[in-house]
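Since the structure comes first, as structure tokens, the remarks are kept for the end.
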Amino acid sequence: KPIPGHFRDVLNASVEDVNDVFGAEDDTHFHVGEPLELTTTQINLDLKRLVERSVGVFGKSGTGKSFLTRVILAGVISKRQAVSLIFDMHNDYGWEITSEGKSARVKGLKQLFPDDVVICTLDPESSRKRNAKVDFEVMIGYDEIEPEDIAMLRETMGLTDAMIDAAHTLAKHWGKRWVKRLIDLTVEDIEEITASTPLMEGTLLGLQRRIQRLGRWSFLSETVSGDTVQTIVQMLDGGRSVVLEFGRWGNSLEAYMLVANYLTRRIHETWVKNVEFALGSGKMMPPQLLITIEEAHKFLDPKIASQTIFGIIARELRKLHPPVRAALDSVGVRIA
């Protein structure tokens with residue numbers, strides 16, 4: 001109970017008092033700023049402990065959530081406390097950022113740490129226009145999308161329980177090409193599905209109308225060369241943080257949620273396997289992994305959180321041995 005009772009003697013906090021709470025700046029404590037009334041007093045975050053927990057950055061629009069998150073991520077990289085996978089919804093972290101209300105430009109993480117940060121993009125055209133130095137383009141194949149990835153979009157796409165069940169049925173019936181086949185649904189397909197499965201035509205057509213939105217996204221393709229997930233995992237395992245720029249697709253919450261959930265589910269699974277292998281073989285553990293997302297409250301909606309990878313990471317925080325944590329840049333989210 002930190003609030004003193006009435007008429008108690010109180011003193012202004014000294015530098016020593018603040019350091020007793022936050023710690024002095026050292027190899028793991030990072031200076032993030034000063035309190036408004038104590039301009040000579042540093043606030044030093046214990047980054048080692050911070051990356052072991054889920055973290056939320058809260059505030060109204062325009063109060064500097066992304067700026068503070070970028071400062072913290074810079075500290076994590078410079079102190080080498082973790083590698084970061086950053087889903088950069090509005091291109092705020094990678095190459096260069098224009099200060100709000102000013103013409104001044106602020107260096108992004110890639111400019112600050114050119115050897116420790118990799119930028120990948122879903123929208124190479126947007127990256128070229130901003131002169132962002134991108135390392136590789138991310139493409140996802142239709143045949144790589146699973147019903148669990150679609151279930152993440154329940155609220156944003158207006159999917160019903162029946163539609164989610166239909167997605168699982170189609171994936172089982174048609175195999176990996178179920179998404180593209182649903183987008184290009186024919187009368188013959190409808191007749192074949194309704195005759196051989198319990199699916200109703202109305203549910204099938206309703207799901208198709210929603211899934212057809214995926215056809216507008218240029219980062220989805222029928223054929224994809226290479227394995228995006230393994231490429232990112234190799235970068236992270238090698239100690240390099242990865243910033244994924246969304247370009248114009250950052251304005252589509254559906255695209256953002258699909259890609260963030262798609263990549264995190266698979267990278268988390270790989271990371272857990274690598275940790276278990278390291279434990280069993282006595283080899284070196286993979287580095288601590290910090291995943292940063294914006295609009296985190298969308299991923300942790302109580303209706304779907306239990307089914308999403310971000311909900312799993314948050315829920316299993318205290319018992320999860322593999323070093324995977326989520327940094328949440330959003331408003332209205334609290335990880336207990």
Side-chain angles (χ1 to χ4, degrees), residues 87 122-123 125 137-230 244 246-270 295 298-312:
F87 293 105
L122 292 172
D123 185 2
E125 182 180 350
E137 180 182 354
V138 171
M139 295 291 294
I140 299 173
Y142 284 113
D143 59 348
E144 297 174 321
I145 298 175
E146 299 173 354
E148 290 80 3
D149 301 312
I150 300 299
M152 181 77 228
L153 306 175
R154 180 191 300 267
E155 296 298 316
T156 56
M157 294 184 74
L159 298 171
T160 64
D161 290 340
M163 292 178 186
I164 299 297
D165 292 339
H168 284 276
T169 300
L170 292 175
K172 184 177 180 180
H173 190 77
W174 282 338
K176 288 188 174 183
R177 291 181 54 82
W178 73 275
V179 172
K180 185 59 177 173
R181 191 163 177 180
L182 179 61
I183 292 175
D184 301 329
L185 193 67
T186 64
V187 175
E188 290 76 15
D189 288 332
I190 296 174
E191 293 174 349
E192 188 263 334
I193 283 293
T194 53
S196 57
T197 72
L199 294 183
M200 303 294 291
E201 181 177 344
T203 300
L204 188 62
L205 293 175
L207 177 61
Q208 185 209 26
R209 286 194 296 272
R210 288 156 176 81
I211 295 297
Q212 279 179 333
R213 301 177 195 175
L214 276 61
R216 309 169 189 167
W217 302 338
S218 59
F219 58 84
L220 293 178
S221 175
E222 286 192 66
T223 57
V224 175
S225 60
D227 189 327
T228 294
V229 173
Q230 286 306 311
L244 174 56
F246 279 74
R248 68 182 183 275
W249 305 119
N251 295 322
S252 170
L253 183 60
E254 296 165 354
Y256 180 74
M257 293 182 69
L258 174 68
V259 173
N261 192 61
Y262 168 86
L263 291 176
T264 302
R265 283 182 59 234
R266 290 155 179 80
I267 291 172
H268 175 267
E269 180 181 350
T270 302
E295 298 292 337
K298 299 291 186 181
F299 294 86
L300 296 176
D301 187 301
K303 297 178 183 177
I304 61 172
S306 62
Q307 306 167 29
T308 70
I309 186 58
F310 296 101
I312 292 172

* Asked: For Glu144, what residues pass the side-chain contact (heavy atoms from CB on, under 4.5 Å) criterion, not counting sequence neighbours?
  -> Ile140, Tyr262
* Asked: Excluding sequence neighbours, so at least two apart, what forms salt bridge (charged side-chain N to carboxylate O under 4.0 Å, His left out) with Glu137?
  -> none
* Between CE of Met257 and CZ of Phe310, what distance do you get to the nearest 0.5 Å? -> 9.0 Å
* Does Glu192 have any side-chain contact (heavy atoms from CB on, under 4.5 Å) partners at least two apart in sequence or in another chain, and if so, which? -> His173, Trp174, Ser196
* **Side chain Thr194, main chain Glu191, donor-acceptor under 3.5 Å** => yes
* Distance from Ile145 atom CD1 to Leu182 atom CG, nearest 0.5 Å? -> 11.0 Å
* **Partner set under side-chain contact (heavy atoms from CB on, under 4.5 Å) for Glu222, not counting sequence neighbours** => Tyr142, Arg177, Lys180
* Asked: In Å and rounded to the nearest 0.5 Å, what is the CG to CE distance from Leu199 to Met163?
  -> 11.5 Å
* With sequence neighbours left out, write down each residue that passes side chain to side chain donor-acceptor pair (under 3.5 Å) with Gln208, or none if nothing qualifies. => none
* Rounded distance (nearest 0.5 Å) linking atom CD1 of Ile164 with atom CG of Leu207 -> 7.5 Å
* Structure fact -> By salt bridge (charged side-chain N to carboxylate O under 4.0 Å, His left out), Arg213 pairs with (sequence neighbours left out) Glu254
* Look up atom CG in Leu258 and atom CG in Leu220, then write down how far apart they are to the nearest 0.5 Å. => 6.5 Å
* Structure fact -> Here the side-chain hydrogen bond (donor to acceptor under 3.5 Å, both in side chains) pairs for residues 162-171, sequence neighbours left out, are none
* **Sequence neighbours excluded - salt bridge (Lys or Arg N to Asp or Glu O under 4.0 Å) pairs with any residue from residues 195-207** => none
* To do: Please identify each residue that fulfils salt bridge (charged side-chain N to carboxylate O under 4.0 Å, His left out) with Arg248, with sequence neighbours left out.
  => Asp123
* To do: From the options Lys176, Lys172, Arg265, select the one residue that forms a salt bridge (Lys or Arg N to Asp or Glu O under 4.0 Å) with Glu146.
  => Arg265
* **ring pair (Phe, Tyr, Trp, His ring centres under 6.0 Å) partners of Phe87, counting only residues at least two apart** => none
* **Side-chain (Arg210) to main-chain (Met157) donor-acceptor, under 3.5 angstrom** => yes
* **By salt bridge (charged side-chain N to carboxylate O under 4.0 Å, His left out) - contacts of Asp189 (at least two apart)** => Arg181
* What residues form a side-chain contact (heavy atoms from CB on, under 4.5 Å) with Thr228, not counting sequence neighbours? -> Val138, Ile232, Leu263
